[in-house]
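So you know, we letter chains A, B, ... as the sequences are listed, proteins then strands, and number each from 1. Remember, it's a predicted structure, so these values are computed and weren't measured experimentally.
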4 protein chains.
Amino acid sequence: MNKQRTLDKQHLTRKEKWREIIFDANTPDARLFDVLLLWFILISVFVVMLSSVPTVYDNYGKLLTTIEWVFTIVFSVEYFLRIYLSKKPSNYIFSFWGIIDLLSTIPTYLSILIAGPQYLLTIRTLRLLRVFRIMRLTSYSREARALGKALRASGAKVTVFFGFILIIVIIMGTIMFIIEGPKNGFTSIPRGIYWAIVTVTTVGYGDITPNTILGQVLSSTLMILGYAVITVPTGIVSVEYADQKRKRNICEHCGTENENDAKFCKECGSDLSSS
Amino acid sequence: MNKQRTLDKQHLTRKEKWREIIFDANTPDARLFDVLLLWFILISVFVVMLSSVPTVYDNYGKLLTTIEWVFTIVFSVEYFLRIYLSKKPSNYIFSFWGIIDLLSTIPTYLSILIAGPQYLLTIRTLRLLRVFRIMRLTSYSREARALGKALRASGAKVTVFFGFILIIVIIMGTIMFIIEGPKNGFTSIPRGIYWAIVTVTTVGYGDITPNTILGQVLSSTLMILGYAVITVPTGIVSVEYADQKRKRNICEHCGTENENDAKFCKECGSDLSSS
Amino acid sequence: MNKQRTLDKQHLTRKEKWREIIFDANTPDARLFDVLLLWFILISVFVVMLSSVPTVYDNYGKLLTTIEWVFTIVFSVEYFLRIYLSKKPSNYIFSFWGIIDLLSTIPTYLSILIAGPQYLLTIRTLRLLRVFRIMRLTSYSREARALGKALRASGAKVTVFFGFILIIVIIMGTIMFIIEGPKNGFTSIPRGIYWAIVTVTTVGYGDITPNTILGQVLSSTLMILGYAVITVPTGIVSVEYADQKRKRNICEHCGTENENDAKFCKECGSDLSSS
Amino acid sequence: MNKQRTLDKQHLTRKEKWREIIFDANTPDARLFDVLLLWFILISVFVVMLSSVPTVYDNYGKLLTTIEWVFTIVFSVEYFLRIYLSKKPSNYIFSFWGIIDLLSTIPTYLSILIAGPQYLLTIRTLRLLRVFRIMRLTSYSREARALGKALRASGAKVTVFFGFILIIVIIMGTIMFIIEGPKNGFTSIPRGIYWAIVTVTTVGYGDITPNTILGQVLSSTLMILGYAVITVPTGIVSVEYADQKRKRNICEHCGTENENDAKFCKECGSDLSSS
């Protein structure tokens with residue numbers, strides 16, 4: 001009986017240890033697992049990308065399929081391991097990451113069942129959802145969190161700003177639809193708005209361009225607007241990020257506000273860089 | 001007599017209540033009205049946009065016209081309600097928003113009277129002026145006001161800057177007109193200036209491109225200029241916005257200047273975030 | 001004799017008054033003169049631009065020529081007035097602005113003497129040099145000076161930065177010339193560099209585009225580089241402009257350094273906004 | 001014997017003096033050498049670039065080859081001088097700069113040995129590696145080092161950011177490959193990613209453009225994303241550069257932290273601008 005309990009405990013600790021490796025990011029083993037997983041994801045994404053190139057697939061199709069199967073089995077094992085190790089499996093399965101994990105693994109299995117090549121293409125590309133998994137791995141990082149905070153801080157103002165851009169784009173797209181008309185490529189208001197977005201963001205494909213004098217004058221205005229107004233959200237994000245950074249320098253230990261570039265709290269000497 | 005007065009008062013308070021709902025933005029009812037109106041505007045704008053797509057109009061023209069009539073009636077009721085509820089109706093009617101409201105509502109009525117389809121198109125698109133109304137709804141917001149302040153603060157300097165860009169663009173457009181000439185698409189100075197704007201704003205449609213060596217050298221200079229100089233207004237707006245934000249942290253209650261990131265006044269404890 | 005002296009003095013003061021009006025910018029009369037001159041320049045520039053549009057010139061050539069002659073006579077009078085009023089005429093004549101004034105006025109006179117239409121075109125467009133004169137009028141402004149200061153402050157660093165961009169562009173242009181070769185439009189290294197500048201500045205005309213896989217990988221790198229590195233000079237200019245602005249808040253009267261947003265010196269009460 | 005020693009010493013000091021001239025950058029002679037070398041590099045790079053233009057090479061090929069030989073001999077002399085003057089020649093030879101120096105000098109010699117014109121082209125263009133040498137000359141500068149520091153400071157955050165852009169680009173490229181398909185130019189996922197990079201960086205060549213409605217809606221989103229998100233790294237670099245600049249104002253002599261715009265240390269009076 002005592003032996004049984006020890007075994008149980010050992011079993012438990014082994015499971016806990018694996019849980020730590022897979023779900024945490026702070027122990028050396030967990031880090032190694034994350035780095036390994038990152039490489040697996042990157043290579044498998046690269047393989048999926050290569051498979052989509054006709055000339056590559058015609059020549060190396062068999063090799064790529066084999067590699068894909070290896071990765072699929074690895075990711076399947078990881079998926080079931082995550083379910084097994086979760087304290088509450090359903091939490092993981094129905095979480096955003098759980099669904100991503102499933103959707104990016106099953107396509108290879110489905111490719112046996114489904115015959116039509118056109119469906120296969122769409123299903124196979126689902127495997128590229130794995131790139132989202134990179135985000136999970138990096139979302140642990142302090143930098144990503146700091147960025148997220150700064151973005152949330154400037155969010156409301158930047159949203160107002162892009163709402164304004166959207167209104168401009170709708171109005172300009174409509175005006176250009178009336179001025180230039182279908183014969184110059186502005187076949188509908190949505191297409192005019194597409195052109196206005198291409199122009200205001202300074203992308204400028206050149207697939208639709210103004211041909212009338214008035215159209216060129218108006219689009220010049222829109223270009224200068226797009227070129228100029230980007231300064232506004234840039235300013236907002238800069239200032240909010242500066243504030244965010246300064247706020248982070250309040251010592252977590254004693255609450256003293258330190259200089260922007262202080263490394264240790266001037267009151268209690270705590271390491272500020274850890275916060 | 002007393003009854004009459006009470007009725008009058010009741011009638012007055014009901015009118016006042018409606019006025020509050022429609023013209024204000026701070027009571028729960030007024031907010032609900034604004035949100036409802038915003039959705040009505042957005043959907044009606046979407047319907048107008050869809051109507052301009054030939055394939056959609058050919059198939060769903062009748063449905064879209066019906067929806068449009070429903071919205072037109074709703075907006076008409078709202079328009080007359082605004083006139084009726086205004087303390088001085090003429091103020092509203094001849095205000096910028098009043099004219100927008102009228103112009104974006106009457107096209108549907110006009111479409112019965114006017115037969116020619118080409119005029120109809122222009123008149124129907126007038127309904128898209130409704131997007132301006134979104135601006136009114138959002139102009140209440142604190143974010144929009146803060147942005148407006150920052151822009152006004154950097155206005156004079158940014159204007160000087162864009163005046164400089166304009167001079168560069170006129171000179172470069174003229175030089176390219178002389179160098180490249182009509183056979184390379186630079187048919188006139190205004191067209192050269194249009195090209196220069198397309199280039200300096202980094203839009204780069206590619207509808208007019210330099211073909212001579214000298215023209216390519218000059219346009220390279222213009223591109224680098226356009227790429228480089230945008231840093232200047234960005235810097236200006238950033239700094240002015242930072243100053244604007246800092247200024248806003250002067251306590252409205254006691255006038256004490258607080259730290260940039262303070263939430264409450266250090267002298268009197270007032271909530272600074274409300275200002 | 002006394003009368004003669006008074007007349008002399010009166011004559012002198014009239015000359016001085018005119019000098020003040022034309023060369024200064026601070027008295028009401030001088031301001032009026034500047035604004036008038038600005039409008040004359042703007043309209044005459046607009047006329048020159050219109051004259052270059054073939055369809056406009058064919059229809060309104062005579063009218064435009066008449067207007068041009070009126071402006072030319074006005075600018076000629078102004079030119080001789082400037083020479084006459086200068087304390088040392090040769091200083092004005094051989095200054096940058098003096099040469100601009102001359103070069104932008106004589107083309108109309110030359111057009112009588114020269115017959116060949118192709119030379120005429122180049123000479124006539126010389127009149128557009130008048131836009132430079134707008135710069136003189138605006139160079140008085142405090143905003144333009146503040147901008148100039150900030151640019152000079154960040155100059156050295158931004159130059160280093162654009163030197164780096166130049167090196168990247170030369171190397172990438174050369175590599176692409178080797179990879180893509182003349183058959184894909186990269187006919188020489190200078191043309192490769194032209195393409196690299198079009199790409200790194202995010203202009204992207206699309207007149208030369210990479211067609212090989214390797215070329216597309218490399219140009220993707222160049223695009224991301226161009227998209228990313230503009231953040232660096234923007235940061236530099238922002239910070240230098242902020243410093244420049246703060247420096248300007250040192251009271252000119254007593255030398256005390258004031259808060260960034262102070263309007264009056266905290267020591268002596270002088271108005272800081274005038275500096 | 002005594003004479004011999006003096007000669008030895010003199011010889012040594014001459015060698016040391018030359019070493020100083022060539023490897024240092026602080027004495028007037030060393031500066032002169034650097035400026036001279038910079039001009040030699042610039043002119044020789046210009047000559048290589050000109051040689052690649054077919055029409056120029058056909059007409060001035062002989063002249064350009066002669067000039068190239070002069071430069072090659074000068075750079076060869078410099079190369080051997082550097083080896084001779086190095087305290088440990090192997091250190092120089094196998095350093096990055098040593099390899100660049102060698103690789104950019106030998107092509108001219110190889111051009112005698114190798115006959116095939118297509119190899120010659122590639123080898124000849126190797127000489128353009130000389131532009132890297134400009135970097136060495138400028139890397140001494142304080143501005144370049146300050147920039148480098150600011151970039152390293154913002155490195156981690158900006159990397160996270162561009163990792164995010166990369167994921168977006170992979171996902172959007174894949175989605176567009178599925179939506180638009182090979183008939184609209186999206187022949188493979190890598191090509192879709194190339195398009196996504198062209199779009200998100202606002203380059204917009206227009207060699208591949210979306211043709212379906214859904215494709216245009218998605219690419220509009222990508223454009224706005226690319227237009228908007230550049231504000232984030234700009235903000236980061238601005239703030240980090242500001243911090244970097246402030247840090248530099250710690251007096252090197254006594255360690256006192258001075259005001260951002262102080263020119264002399266407030267404690268010991270040392271010149272802060274020299275640091």
Side-chain angles (χ1 to χ4, degrees), chain A residues 156-161 163-164 166-167 170-171 173-175 177-178 181-182 187-193 198-211 213 216-217 219-228 230-232 234-240 242-244 246-247 250 257, chain B residues 45 48-57 121-122 125 128-129 131-132 134-135 138 141-144 146-147 150-151 154 158 161-162 165-166 169 190-191 193-194 197-198 200-208 226 230 232-242 244-246 259-261:
Chain A
K157 273 157 208 146
V158 172
T159 305
V160 165
F161 177 80
F164 169 76
L166 215 73
I167 292 171
I170 291 174
I171 291 165
T174 309
I175 294 173
F177 166 66
I178 297 168
T187 50
S188 66
I189 292 176
R191 199 163 162 80
I193 292 168
V198 169
T199 300
V200 89
T201 58
T202 78
V203 170
Y205 283 140
D207 51 351
I208 319 170
T209 50
N211 285 320
I213 303 265
Q216 290 178 353
V217 170
S219 60
S220 296
T221 317
L222 191 61
M223 284 170 215
I224 290 172
L225 193 83
Y227 178 67
I230 193 62
T231 60
V232 179
T234 306
I236 295 170
V237 173
S238 297
V239 173
E240 299 297 339
D243 284 8
Q244 207 60 41
R246 200 171 298 127
K247 263 180 203 151
I250 291 169
E257 196 184 318
Chain B
V45 162
V48 176
M49 270 163 53
L50 274 183
S51 305
S52 79
V53 184
T55 51
V56 173
Y57 193 75
L121 185 76
T122 312
T125 48
L128 269 182
L129 286 171
V131 291
F132 274 119
I134 300 169
M135 275 186 171
T138 54
S141 80
R142 194 152 55 91
E143 271 76 26
L147 272 177
L151 280 177
S154 36
V158 172
F161 177 81
F162 280 95
I165 291 282
L166 214 74
V169 152
R191 199 163 162 81
I193 292 168
Y194 165 72
I197 292 171
V198 169
V200 89
T201 56
T202 78
V203 170
Y205 282 140
D207 50 351
I208 319 170
I230 193 63
V232 180
T234 306
I236 295 169
V237 173
S238 296
V239 172
E240 299 297 338
Y241 178 74
Q244 206 61 41
K245 215 196 157 194
R246 201 172 299 128
E259 295 288 303
N260 209 356
D261 52 342

> Looking at B:Ile230, B:Val56, B:Val169, B:Thr202, which makes the most heavy-atom pairs under 4.5 Å with chain A?
Replying inline: B:Ile230
> Just wondering, are more than 12 heavy atoms of other shown residues or ligands nearer than 6.0 Å to CD1 in A:Ile224?
Replying inline: yes
>> Quick check for you: among A:Thr187, A:Val203, A:Thr199, which has the greatest number of heavy-atom pairs under 4.5 Å with chain B?
In response: A:Thr199
> Closest heavy-atom contact between A:Thr209 and B:Tyr205?
Replying inline: CG2-CG, 3.6 Å
>> My understanding is that only residues two or more places apart in sequence, or in another chain, count here; which of them pass side-chain hydrogen bond (donor to acceptor under 3.5 Å, both in side chains) with B:Tyr194?
In response: B:Asp207
> Which bit of A:Ile193 comes within less than 4.5 Å of chain B, counting heavy atoms only: side chain, backbone, both or neither?
Replying inline: side chain
>> Which atoms of A:Pro182 are under 4.5 Å from chain B, going by heavy atoms: the side chain, the backbone, both sets, or neither?
In response: neither
> Counting heavy-atom pairs under 4.5 Å to chain A, which of B:Thr201, B:Leu50, B:Ile165, B:Leu166 comes out on top?
Replying inline: B:Thr201
> What option among A:Pro190, A:Gly192, A:Ser238, A:Gly226 has the most heavy-atom pairs under 4.5 Å with chain B?
Replying inline: A:Pro190
> Where on B:Val200 is there a heavy atom nearer than 4.5 Å to chain A: the side chain, the backbone, both, or neither?
Replying inline: backbone
> Picking from A:Gly204, A:Pro210, A:Gly163, A:Gly206, which has the most non-hydrogen pairs under 4.5 angstrom with chain B?
Replying inline: A:Gly204
> Where does B:Phe162 contact chain A at under 4.5 Å (heavy atoms): side chain, backbone, both or neither?
Replying inline: side chain
> Side chain, backbone, both or neither: which part of A:Ser219 has an atom under 4.5 Å from a heavy atom of chain B?
Replying inline: side chain
> What's the shortest heavy-atom distance between A:Val232 and B:Val237, and which atoms?
Replying inline: CA-CG1, 3.9 Å
